[in-house]
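Have a look at the structure below before the remarks.
Scope of the values below: all heavy atoms of this structure, side chains included, with no hydrogens, waters or symmetry mates. First the proteins, then the strands, lettered A, B, ... as listed; each starts at 1.
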2 protein chains.
Amino acid sequence: MSSDQARKTSEEKTVTGPISDAEGIDFDLIEQLFFAYRDFTSDPDAILEKSGFGRAHHRVVHFVNRQPGMTVADLLDTLRITKQSLARVLKQLVDSGYIHQVVGPKDRRQRRLYPTLKGRELALELARPQSRRIAKALSALDPQGRDMVRTFLQGMTDTD
Amino acid sequence: MSSDQARKTSEEKTVTGPISDAEGIDFDLIEQLFFAYRDFTSDPDAILEKSGFGRAHHRVVHFVNRQPGMTVADLLDTLRITKQSLARVLKQLVDSGYIHQVVGPKDRRQRRLYPTLKGRELALELARPQSRRIAKALSALDPQGRDMVRTFLQGMTDTD
DNA sequence: AAAATATGTCAACAAGGCTGACATATTTGA
DNA sequence: TCAAATATGTCAGCCTTGTTGACATATTTT
């Protein structure tokens, strides 16, 4: 038994076999997701360092560009972070001219968020390497396979 | 033009249209990945709170269970974090009896990492909801589609 | 015996989560 | 109309988890 080694330094029972086959759980896929996302975010991270921003800024820039005119509340819902966490990065993006706040046209309590030209350009710059990576990954698939990937990712997401 | 609102509070040019169609970049998929991963990690996060651990602990527990006997250096390579970041969480896991260190059988400088029974159980508990989520997402696909998802995720990952 | 390697540890710092409390402006509803 | 609810901003402070750089120890390699 290979647990001889374990007994050398302690009487605690250690487990020497991989977990892979337990309960029919797909550990491979769990892991694949981790690696894919780790590398997916590493591209923009490198770019962000230049501007002194982080991943949190990226998310804000992305969603404001996707949905110009969205409110702060919309953004909080999307990111699922607290007001204070958002406020910090949002303020920096507004102060440095990437995002612009406009008083709501109907409801003047709202602050509608819009990208500036600079903000649009940053969003594009960050999206390019991610898009390249996705295109490469999808290139191994036929159109049907690409739809399946979309279906899968939607199925992974909570519906609310 | 809807940029009238923007001009109200500043002379900075704002962009009012969504970025979606620019440069043929697949913003939908970029976003889907974010949402999928956000929700994928939310399940174990809730469980981890009970033990007072965080996402970093989860990763360590996962990989040590996947590859019992792996060295600290292996783990650093896998997680792509620094020695100090790992040391902190690893120490906590060792001290609270989830992971066990064994002096390397060939090279006594190494510390081989093994899960304890408690560590194996935690890994399973954390993997269960993730597995459920994946199973649900894959259930919409045929066997071929499931292979495509795997191919896609591998294509998203750096090969090194 | 010296150099390289694997690991651990210390101090310090930064990003980005969190909480709770409170202020302001504005809209809504009784 | 006036009180309550809402949208946002802000302050102070905390925690986790990432970072760097330096240095210590044990062990292996050359």
So, is [X] near the phosphate of [N], with a side-chain N or O under 4.0 Å from OP1 or OP2?
X	N	answer
B/Ser85	D/dT17	no
A/His57	C/dG16	yes
B/Arg108	D/dT25	no
B/Thr82	D/dT19	yes
B/Gln101	C/dT7	no

State whether the distance check finds a donor on one side and an acceptor on the other, under 3.5 Å, for side chain [X] versus base [N].
X	N	answer
A/Arg111	D/dT8	no
A/Lys91	D/dG9	no
B/Arg109	C/dT5	yes
A/Arg55	C/dG17	no

Review point. Starting at the 5' end of DNA chain C, which residue's closest nucleotide do you reach first, B/Lys83 or A/Val89?
Key: B/Lys83

**Study point:** Atom of B/Pro129, atom of B/Ile47 and distance for their closest heavy-atom approach
**Key:** CG-CD1, 3.8 Å

Revision key, fill the gap. Nearest heavy-atom approach of B/Gly119 to B/Val61 is O-CG1, 3.8 Å

Review point. Measuring from B/Met148:CE to A/Gln144:CD, what's the distance to the nearest 0.5 Å?
Key: 6.0 Å

**Study point:** N-O pairing of B/Asp28 and A/Arg66 below 4.0 Å
**Key:** yes

**Study point:** B/Lys106 or B/Gly52, whichever maps to the more 5' nucleotide of DNA chain D
**Key:** B/Gly52

